[in-house]
*Asks:* 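Structure below; questions to follow.
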Amino acid sequence: MRHLLFCLFFITCGLQAQTLNKTDSNRVKPSDTLVIDSGFKDSLKVFKPTIYDYTYQTQFSEKKIFDTAFTQDKTFIFSQYNNKDNFGKIQFANIGSGFQPLVFEVNTEQNLSLLPTNKSAFLRGINDIKYYDVKTPTTTFIYHNAVRNGAVLYSTYTQNIGKNFNFAVEYTGLRSQGNYLKSLAANNTTQFSAHYLSENRKYEAFGHFIHQNINNEEYGGIADENLFLNGDSDFNNRENLEVNLTNSNSRFAYRRFYFSHEFRPFASEKFPFKIRHTIFNQSNKYYYNQSQPESFYFTDASDLINYSADSKKYSKNLSNTVSILFDKENFKLDAGIRHQLIKLGIGSPLPVSQNIPQELSENRIGAVGNLKINLLGKIALNSNFEFSTGTEFGSFLRSQNLIRFEPIPEYFVNAKVNFQTGSPSFNLLLNPSVYRKFNYYLEDPKNESITEIGGDVNLKWFKSNVFANFFRVDNYTYLDDLAQPQQSAASLNISQIGGEATFSSGKFHLNPKVLFQSAIGNKDLLPMPNFVGRANLYWQSKAFKDAAEIQAGVKVYYFSKFASREFFPVLNEFILPSANSYSIGGQPIADVYFNLKVKRMFFFIEAQHLNTTFMKNKSFTAPYYPIYDFRLNLGIVWYLFS
């Protein structure tokens, strides 16, 4: 692999010296395909594509061009196995094993579905699926190395057939052994997507299929954290540390068929109405498998029930929506009705004495609505509404409202007011287990209601951004220290304030980001650090006669010490700390990196957690789960526009 990458690097450098970069946005004017031979010499027109001929969108977003700019945020994205900026989270020791959230946020993918918190970092919801429009066949490769053995490869191939139809095939494979015993991660994603727009623009369709598997061996943390903290050289090889679980693994499967199409019955702009129909079928399955019950979770046979050591939970959602749209350039309104068939169940029935149903199901009827208003290009309003009700999971209501305005040129303000109320996460409603104490059924739960008020201000000065959020959570649903679901009688209130800026002097840049947060009342139900921050000090410059561009710098990530929740592998959730737990945090995590861009290929090379080479690693993701030691992290991104 090293020799292959070495050859690719020099081949790419050679191509840069011989050919003109046709798709780099910093070398072309912001226009569509350029005609370089209009056919005066013969009947054939010759086109030279620009970067503006290669775009993507989600179904309800504007088109964006492929981002080939070498900006500072890329070092936070393409150094992560899920290709996201994971500020506000802390990664487990092995890639592919998830994150502990340090900052409160609302994950709408958990609404009316089964989704364990620690399986969510790698998932792609409906609004994450990209649909492409490219003038020539386009391929993208994103590579990450793994911990010890394995790799991550994200590949995309997309092509237009004619002017109006595009299809894309995407595959992601991840396999990482990890440094600790029984910590293997093996994830994969297969995705097909397509987009069609008729010649007369009266009919448009979006469709996709996605199947994701997120599989992890569960080692349950190290048995004695003192052996890790004391720094004995015998345990520099982390496989020498005893772990709590020896024959357990968790698997999560996520599958969705999605199709949405809309038709404009009238040609006249005086009647800008459309009819949209959307149907999708999504199934989520969670398995906790053991070859035999783990002695870590029980002391004698009476702690077990007559049930398989393996357990399964699932949810299914068949959704059908019909909407009427009023679609003008600066005013868009749609409203529709929705029917859903939702199921939540377990694989094998539990003994009757447990009083836990095998399946809950219902037909839900509801309404949806969306409003977008754009006034003079200065004020934009985006509101979304959804309501549904059923006999088993009660009512669900979500209202999201965002207003964006520009009071002064190049100074933007975003304000939001969001509210949702609905059933708690399905993972907290019921659970089957061979362990008697881990079986539960949260019968007739109250709706968990979340109110969010906040916004941010984007300033021209130092490219800065200041934000603030306030959350009020009523009937907050959580897992106590015995891994049993509970609902709080009093509300949980959380405030957040922070900001980000970039200070530059010549080719040197400093990009800090900070967040302060606190829980007002009931703070013991959601332990969190009061401060999360990072700083990125880097140097960036063109090199090799402008044939390449270099970034080099140091990043430091830090969160204050707090009495963290514990990770509970049986549910893949975080539970309140036990009496034997301890605080984590208060330790910096420093990375030194060297990034290189050559044409449309990016290299991201990081010495992660470098400070552990000269000081003991005392950092934890969660109690009993140390964070990763020093490792050389490699990421490669390659865009191929044929």
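Computation of the quantities below employed the complete heavy-atom set of this structure, encompassing side-chain atoms and omitting hydrogens, waters and symmetry-equivalent molecules.
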*Asks:* Answer whether the closest heavy-atom distance between the side chains of S315 and S113 falls below 4.5 Å.
*Replies:* yes
*Asks:* Without hydrogens or angle criteria, can the side chains of Y440 and Q354 be said to hold a donor-acceptor pair below 3.5 Å?
*Replies:* no
*Asks:* Go through Y254 and H211 one step at a time and tell me if the ring-ring contact (aromatic ring centres under 6.0 Å, His included) criterion holds.
*Replies:* CA-CA 6 Å; Y254 181 84; H211 189 190; 9.4 Å; no
*Asks:* For the pair D480 and Q486, evaluate side chain to side chain donor-acceptor pair (under 3.5 Å) and give the outcome as yes or no after the intermediate values.
*Replies:* CA-CA 7 Å; D480 62 19; Q486 307 289 342; 3.1 Å; yes
*Asks:* Any side-chain donor-acceptor pair under 3.5 Å between E239 and N179?
*Replies:* no
*Asks:* Taking the six-membered ring of F252 as reference, does the cationic atom of K285 (NZ for Lys, CZ for Arg) lie under 6.0 Å from its centre and within 45° of its axis?
*Replies:* no
*Asks:* Judged by modelled atom types alone, do Y288 and S248 share a side-chain donor-acceptor pair under 3.5 Å?
*Replies:* yes
*Asks:* Is a side-chain donor or acceptor of R436 paired with a backbone partner of L304 at a separation under 3.5 angstrom?
*Replies:*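 Yes.
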*Asks:* Does the distance from a Lys or Arg side-chain N to an Asp or Glu carboxylate O, for E448 and K446, drop under 4.0 Å?
*Replies:* no
*Asks:* State whether the side chain of Q177 and the backbone N or O of R148 hold a donor-acceptor pair below 3.5 Å, judged by distance alone.
*Replies:* no
*Asks:* Could you tell me the separation between the OG atom of S311 and the CZ atom of F438, rounded to the nearest 0.5 Å?
*Replies:*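 So the OG of S311 and the CZ of F438 are separated by 11.5 Å.
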*Asks:* I would like to know whether D629 and R631 meet salt bridge (Lys or Arg N to Asp or Glu O under 4.0 Å); could you show each step before the answer?
*Replies:* CA-CA 6 Å; D629 296 301; R631 64 182 288 256; over 6 Å; no
*Asks:* Run the side chain to side chain donor-acceptor pair (under 3.5 Å) check on K313 and N427 step by step: do they pass?
*Replies:* CA-CA 8 Å; K313 293 192 285 188; N427 201 30; 2.5 Å; yes
*Asks:* Before you tell me yes or no, could you show the steps for E392 and K343 under salt bridge (Lys or Arg N to Asp or Glu O under 4.0 Å), namely the whole-Å CA-CA distance, both residues' side-chain angles and the distance that decides it to 0.1 Å?
*Replies:* CA-CA 10 Å; E392 192 65 56; K343 297 181 180 180; over 6 Å; no
*Asks:* Can we say D310 and K312 salt-bridge, meaning some charged N sits less than 4.0 Å from an Asp/Glu carboxylate O?
*Replies:* no
*Asks:* Can L344 and E359 be said to form a side chain to side chain contact (heavy atoms under 4.5 Å, CB included), step by step?
*Replies:* CA-CA 6 Å; L344 170 64; E359 183 177 270; over 6 Å; no
*Asks:* How many angstroms lie between OH in Y476 and OG in S488, if you round to the nearest 0.5 Å?
*Replies:*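 Those atoms lie 9.0 Å apart.
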*Asks:* Grab the two heavy atoms, one from Y307 and one from P351, that are nearest each other, plus how far apart they are.
*Replies:*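 For Y307 versus P351, the nearest heavy atoms are CD1-CD, 4.4 Å.
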*Asks:* Under a 3.5 Å threshold, yes or no: a donor from one side chain and an acceptor from the other, between D303 and T299?
*Replies:* yes
*Asks:* With no hydrogens and no angle check, do the side chains of N86 and Q80 hold a donor and an acceptor under 3.5 Å apart?
*Replies:*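 Result is yes, a qualifying pair exists.
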*Asks:* Taking atom types as modelled, is there a side-chain donor on T75 or N595 under 3.5 Å from an acceptor on the other?
*Replies:*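 Their side chains do contain a donor-acceptor pair, which is all the 3.5 Å distance test asks for.
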*Asks:* Do S361 and F393 touch side chain to side chain, with heavy atoms closer than 4.5 Å?
*Replies:* no
*Asks:* Of the non-hydrogen atoms in Q100 and F92, which two are nearest, and what is the gap between them?
*Replies:* N-CE1, 4.1 Å
*Asks:* For a quick check under 3.5 Å, do S176 and N94 share a side-chain donor-acceptor pair by atom type?
*Replies:* yes
*Asks:* Are any non-hydrogen side-chain atoms of F559 and I90 less than 4.5 angstrom apart?
*Replies:*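 In contact.
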*Asks:* Start with the C-alpha gap between I627 and N617, add the side-chain angles, then the distance that decides, and say whether side chain to side chain contact (heavy atoms under 4.5 Å, CB included) holds.
*Replies:* CA-CA 8 Å; I627 200 174; N617 185 0; 3.9 Å; yes
*Asks:* Does any donor atom in the side chain of H144 or N83 lie under 3.5 Å from an acceptor atom in the other side chain?
*Replies:* yes
*Asks:* For the residue pair N187 and I214, what are the closest heavy atoms and their distance?
*Replies:* OD1-CA, 3.4 Å
*Asks:* How long is the straight-line distance from NZ of K119 back to CG of L114, given to the nearest 0.5 Å?
*Replies:*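 One finds 11.5 Å between CG of L114 and NZ of K119.
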*Asks:* Taking NZ, NE, NH1 and NH2 as the nitrogens, is one of them in E109 or R124 under 4.0 Å from a carboxylate oxygen of the other?
*Replies:* no
*Asks:* Just wondering, do Q496 and F471 contact through their side chains at under 4.5 Å, heavy atoms?
*Replies:* yes
*Asks:* Between S291 and N247, is the side chain to side chain donor-acceptor pair (under 3.5 Å) condition met? List the steps.
*Replies:* CA-CA 6 Å; S291 57; N247 60 80; 3.3 Å; yes
*Asks:* With heavy-atom distances below 4.5 Å as the criterion, would you say the side chains of F630 and Q608 are in contact?
*Replies:* no
*Asks:* Compare every heavy atom of P101 with every heavy atom of R565, then report the nearest pair and how far apart it is.
*Replies:*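 Heavy-atom minimum between the residues: NH2-CG, 4.0 Å.
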*Asks:* Starting at CG of N384, measure out to CG of L402 and round the result to the nearest 0.5 Å.
*Replies:* 9.5 Å
*Asks:* Looking at OG1 of T189 and CD of Q212, how far apart are the two atoms once the value is rounded to the nearest 0.5 Å?
*Replies:* 3.5 Å
*Asks:* Is the NZ or CZ atom of K555 positioned over Y593's six-membered ring, under 6.0 angstrom from the centre and within 45° of the axis?
*Replies:*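 Yes, a cation-pi geometry holds between K555 and Y593.
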*Asks:* Check whether any side-chain N or O of N633 sits under 3.5 Å from a backbone N or O of S79 as a donor-acceptor pair, and report yes or no.
*Replies:* yes
*Asks:* Does a salt bridge link E225 with K618, judged by any charged N lying under 4.0 Å from a carboxylate O?
*Replies:*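 A salt bridge is absent here (no side-chain N lies under 4.0 Å from a carboxylate O).
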*Asks:* Using the six-membered ring wherever Trp is involved, compare the ring planes of Y625 and F567 and label them parallel, tilted or perpendicular (cut-offs 30° and 60°).
*Replies:* perpendicular
*Asks:* I'd like to check L479 versus L571 (side-chain heavy atoms, cut-off strictly below 4.5 Å). Are they in contact?
*Replies:*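 The answer is yes, as the side chains (C-beta and beyond) meet within the 4.5 Å cut-off.
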*Asks:* Going by the angle between their ring planes, with limits at 30° and 60°, are F99 and Y81 parallel, tilted or perpendicular?
*Replies:* parallel
*Asks:* Between S495 and S518, does the side chain to side chain donor-acceptor pair (under 3.5 Å) criterion hold? Intermediate values first, please.
*Replies:* CA-CA 6 Å; S495 61; S518 63; 3.2 Å; yes
*Asks:* Going by an N to O cut-off under 4.0 Å, is there a salt bridge joining R534 and D85?
*Replies:* yes
*Asks:* Would T477 and L442 count as a side chain to side chain contact (heavy atoms under 4.5 Å, CB included) here? Give the steps.
*Replies:* CA-CA 10 Å; T477 309; L442 187 59; 4.3 Å; yes
*Asks:* Heavy-atom distance under 4.5 Å between the side chains of E218 and N572, does that happen here?
*Replies:* yes
*Asks:* Which atoms form the tightest heavy-atom contact between D234 and N240, and what is the distance?
*Replies:*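 D234 and N240 have their closest heavy atoms at O-ND2, 2.8 Å.
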*Asks:* Do Y143 and L634 have side chains that get closer than 4.5 Å, going by heavy atoms?
*Replies:* yes
*Asks:* Would K182 count as a cation-pi partner of Y180, with NZ or CZ less than 6.0 Å from the six-membered ring centre and within 45° of the ring normal?
*Replies:*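 No; the conditions do not both hold, so K182 does not lie above the ring face of Y180.
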*Asks:* Return the CG to OH distance between L115 and Y286, rounded to the nearest 0.5 Å.
*Replies:* 11.5 Å
*Asks:* Distance-only, no hydrogens or angles: does the N447 side chain make a donor-acceptor pair with backbone N or O of S395 under 3.5 Å?
*Replies:*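 Pair found, side chain donor or acceptor close to backbone of S395.
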*Asks:* Nearest heavy-atom pair of R364 and G390: which atoms, and what distance?
*Replies:*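 Reported closest heavy-atom pair: NH1-N, 3.6 Å.
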*Asks:* Which donor-acceptor pairs under 3.5 Å do side chains of residues 575-590 form with protein atoms, sequence neighbours excluded?
*Replies:*
| from | atom 1 | to | atom 2 | distance (Å) |
| --- | --- | --- | --- | --- |
| S578 | OG | E566 | OE2 | 2.9 |
| S581 | OG | E566 | OE2 | 3.3 |
| Y582 | OH | Y624 | N | 2.7 |

*Asks:* Using a cut-off of 6.0 Å, state whether more than 12 heavy atoms not belonging to K523 lie near its atom NZ.
*Replies:*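 Count not over threshold, so no.
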